[in-house]
2 protein chains.
Amino acid sequence: MKYITIKDIAKKLNTSVSTVSRAFNDKSDINAKTKEVVLKTAKEMGYRQNRMAKNLVQRRSFNIGIVVPEFVNSFFPEVIMGAQDVLFEKGYQVLITQSNECYTTELKNVQSLENSMVDGLLISLSSETANIDYYQDLVNSGFPIIFFNRTYKEIKASKVLFNDYKWAMFATEHLIRQGYRNIYHFQGIKTLTLSRERRRGFMDAHKKHKITVEPHQVITSGFFMEDGEIIAKKLIKNNTIPDAIFAANDQLAIGAMNVFKNNGYKVPEDIAFIGFSESKMGSIVEPPLSSVKQPTFEIGKQAAKLLLDQIEAGNNHSPQTVMLDGELHIRESSQKKI
Amino acid sequence: MKYITIKDIAKKLNTSVSTVSRAFNDKSDINAKTKEVVLKTAKEMGYRQNRMAKNLVQRRSFNIGIVVPEFVNSFFPEVIMGAQDVLFEKGYQVLITQSNECYTTELKNVQSLENSMVDGLLISLSSETANIDYYQDLVNSGFPIIFFNRTYKEIKASKVLFNDYKWAMFATEHLIRQGYRNIYHFQGIKTLTLSRERRRGFMDAHKKHKITVEPHQVITSGFFMEDGEIIAKKLIKNNTIPDAIFAANDQLAIGAMNVFKNNGYKVPEDIAFIGFSESKMGSIVEPPLSSVKQPTFEIGKQAAKLLLDQIEAGNNHSPQTVMLDGELHIRESSQKKI
DNA sequence: TATTTTTTCGAGAACGTTCTCGAAACTTGA
DNA sequence: TCAAGTTTCGAGAACGTTCTCGAAAAAATA
């Protein structure tokens with residue numbers, strides 16, 4: 001395959017490379033007529049711009065790297081779609097990588113993206129990531145990065161976050177108002193800021209209503225459906241059955257719900273459930289799962305916008321945090337029948 | 001941010017650019033000792049290769065473009081992960097785009113990827129795509145493309161397919177053997193090869209067992225859960241209730257199942273269900289949905305391998321079709337209780 | 001018409017690599 | 001010790017663009 005270059009066009013038209021380049025780049029110092037001719041013959045010849053060459057001289061790749069922990073749940077794909085919407089329009093390509101919730105592959109991904117000379121990074125940390133030095137160094141060196149959803153308070157950088165605290169509190173209060181008093185919280189991985197915030201919401205809701213929470217009511221685990229199953233089995237075995245469960249995500253809630261159901265417990269009569277980050281699965285499970293809906297698409301959009309701003313601004317920008325709100329979708333799984 | 005280049009290293013070591021380049025590229029014509037020194041100081045200086053420059057001279061981007069119709073269901077993400085596995089190892093980056101089941105954005109994506117000078121393309125067509133001329137031209141021009149899952153028989157190119165016919169037939173026979181005689185088939189979008197193959201399997205299973213199929217037993221629609229709901233509502237309204245349904249994907253089956261359940265029908269006693277392309281949702285729905293499981297990961301791997309072969313081979317390759325097999329997961333939704 | 005201003009263009013460097021070619025510096029063998 | 005062979009290196013072109021600088025051509029002004 002022989003690619004047509006700008007030189008070929010110049011030769012054919014008996015003009016200079018500069019002129020042809022000018023035609024493509026909307027420069028002012030070119031005659032409207034010649035521009036038209038160039039564009040026309042370029043099309044005829046099947047010319048296609050070589051982005052690598054262009055990027056090389058402009059020292060920009062126009063690539064944005066995205067690192068997410070997984071994408072089998074629809075959450076991150078939706079965020080990515082939001083980001084792509086904004087980025088595509090501005091002529092950026094998106095490189096998507098996924099860390100499989102593993103810190104080492106996450107780091108490998110980031111470095112691989114750096115080698116590709118991405119102009120910036122959108123990243124959501126894996127549940128395993130505990131060491132943030134590498135990222136902090138990168139940020140400090142002036143490299144544009146936006147952290148979204150999964151991040152650490154300690155990182156000094158721009159972030160797009162969901163108001164986990166507020167909505168966890170709402171969700172918990174919803175349960176309390178229904179009369180539930182022995183509510184357990186499945187917090188997932190406890191070190192993530194997001195988990196801590198949701199836990200804080202859970203605790204403060206209780207505090208507000210003057211209900212004490214015993215330590216055993218908050219349970220740490222991973223974030224998968226299997227984790228929810230394991231916890232449920234353990235609770236059944238120990239015969240410590242909550243009357244309601246507020247889980248840090250839908251997967252945990254659904255996993256536990258299935259186990260309890262299979263063991264003869266009725267939902268929501270015996271145990272009420274409420275999840276987080278509304279997933280498609282939550283709406284088809286029996287009974288439908290109440291959940292906090294996050295504005296996935298919007299998260300992606302905001303993160304992309306923030307990143308582009310940061311790229312534009314160069315060095316004179318200061319870290320910003322965008323906090324987004326959601327809504328509580330109450331379904332059968334958490335509604336006491338009267 | 002000032003990037004360290006190969007020149008900086010050469011200057012510092014008082015050697016030539018060529019030598020430094022040789023050190024990085026495992027060339028034979030360099031002294032082992034100098035190589036070591038170069039590598040060491042490069043590391044010290046924080047050198048990072050500029051892929052754009054490299055790619056420019058090699059006339060390769062080492063980027064592979066992937067185009068999928070959607071990725072909110074886990075099917076395509078899993079395929080993509082399989083492909084990434086193979087491609088990453090060979091030093092390729094992956095550019096993922098998604099067409100939203102829309103032909104025009106699909107085309108826009110492909111062209112954008114072409115501009116990025118991807119070395120090859122992995123593509124699964126949108127349900128809307130009816131015109132394949134552009135793709136055929138691209139293939140004919142020698143551009144490496146592998147079509148997977150969603151494709152057309154008419155396209156002359158390499159493909160990675162699932163044996164839809166065989167497994168649709170299996171699934172249908174499974175229903176027939178259970179004694180169901182009034183089986184409906186939700187075929188989704190009828191023009192896709194995949195739909196046609198599944199339909200053929202459905203028909204031939206009946207033929208084999210000498211059961212006639214009336215035209216109204218095969219229903220065309222989109223591929224979403226909503227489509228399944230709409231069909232089910234229509235069937236209920238017309239009071240034409242099948243005793244079993246074989247759907248071209250899980251979404252259709254689940255959508256219909258929910259509507260029937262809400263209208264008092266029992267699954268599988270009144271109506272049995274069987275889906276296709278096993279999804280996570282299928283296993284948590286009540287009752288769990290029988291489905292044909294496709295080897296998603298493997299599909300991605302095979303497609304990537306085929307693509308790399310084709311890139312290596314240059315012009316002397318001939319179109320290949322890889323046909324993969326799956327398994328039938330029988331769950332409650334299709335098992336007659338005795 | 002002569003001068004100035006504006007518009008339009010071309011030459012050629014630059015971006016950061018790889019790669020070819022030939023030359024210098026070693027080894028080897030007789 | 002000298003020729004031939006082998007190893008190691010450097011110079012500089014090339015990849016396909018953009019961009020700066022200055023010059024030519026055209027238009028405007030005096």
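Source: prediction; values computed, not measured. Letters A, B, ... mirror the listed sequences (proteins, then strands); counts begin at 1.
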Could you tell me which residues satisfy salt bridge (Lys or Arg N to Asp or Glu O under 4.0 Å) with [X], sequence neighbours excluded, listed by chain and number?
X: B/E114; answer: A/R48
X: A/E101; answer: A/R150
X: A/E44; answer: A/K40
X: B/D26; answer: B/K35

Check whether any side-chain N or O of [X] sits under 4.0 Å from OP1 or OP2 of [N], and answer yes or no.
X: B/Q49; N: C/dT18; value: yes
X: B/T15; N: D/dG10; value: yes
X: B/S16; N: D/dG10; value: yes
X: A/R59; N: C/dG16; value: yes
X: B/T19; N: D/dG10; value: yes
X: B/Q58; N: C/dC19; value: yes

Send over the distance from [X] [atom1] to [N] [atom2], rounded to a whole Å.
X: A/Y3; N: D/dA14; atom1: OH; atom2: C1'; value: 18 Å
X: A/I6; N: D/dC15; atom1: CD1; atom2: P; value: 14 Å
X: B/M52; N: C/dA14; atom1: CE; atom2: P; value: 19 Å
X: A/L56; N: C/dA14; atom1: CG; atom2: P; value: 14 Å
X: A/R51; N: D/dT18; atom1: CZ; atom2: P; value: 12 Å
X: B/L13; N: D/dT8; atom1: CG; atom2: P; value: 17 Å
X: B/I9; N: D/dC9; atom1: CD1; atom2: C1'; value: 17 Å
X: A/N14; N: C/dT8; atom1: CG; atom2: P; value: 20 Å

Ignoring hydrogens and geometry beyond distance, is a side-chain donor-acceptor pair present between A/D309 and A/Q320 at under 3.5 Å?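 No, A/Q320 and A/D309 have no side-chain donor paired with an acceptor closer than 3.5 Å.
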
For B/Q93 and A/N63, test the side chains for any donor-to-acceptor distance below 3.5 angstrom and give the result as yes or no.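 Not at all, the side chains of B/Q93 and A/N63 share no donor-acceptor pair under 3.5 Å.
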
Is any side-chain heavy atom of B/Y152 closer than 4.5 Å to a side-chain heavy atom of B/Y135?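 SC-SC contact between B/Y152 and B/Y135 ruled out.
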
B/F147 side chain reached by B/V139 side chain, heavy atoms, under 4.5 Å: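 Heavy-atom side-chain distance check passes, below 4.5 Å.
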
Donor-acceptor check, side chain of A/T193 to backbone of A/K153, threshold 3.5 angstrom: yes or no?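 Between the backbone of A/K153 and the side chain of A/T193 there is a qualifying donor-acceptor contact (under 3.5 Å).
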
Are A/F24 and A/Y47 an aromatic pair, judged by ring center distance below 6.0 Å?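 Centroid distance A/Y47-A/F24: below 6.0 Å, so yes.
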
Mind listing the residues from residues 24-48 of chain A sitting with a heavy atom below 4.0 Å of DNA chain C? Number order is fine.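 A/D29, A/I30, A/N31, A/T34, in order of number.
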
Using five pairs at each end of the helix from C/dT1-D/dA30 to C/dA30-D/dT1 to define an axis, what is the angle between those two axes, to 10°?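 If I round to tens, the end axes sit 40° apart.
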
Could you work out which one of D/dT17, C/dT18, C/dC21 sits closest to the side chain of B/R22?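 Of D/dT17, C/dT18, C/dC21, C/dC21 is nearest to the side chain of B/R22.
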
Distance criterion of 3.5 Å, no angle test: do you see the side chain of B/S18 paired donor-to-acceptor with the base of D/dG12?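 Yes, the side chain and the base share a sub-3.5 Å donor-acceptor pair.
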
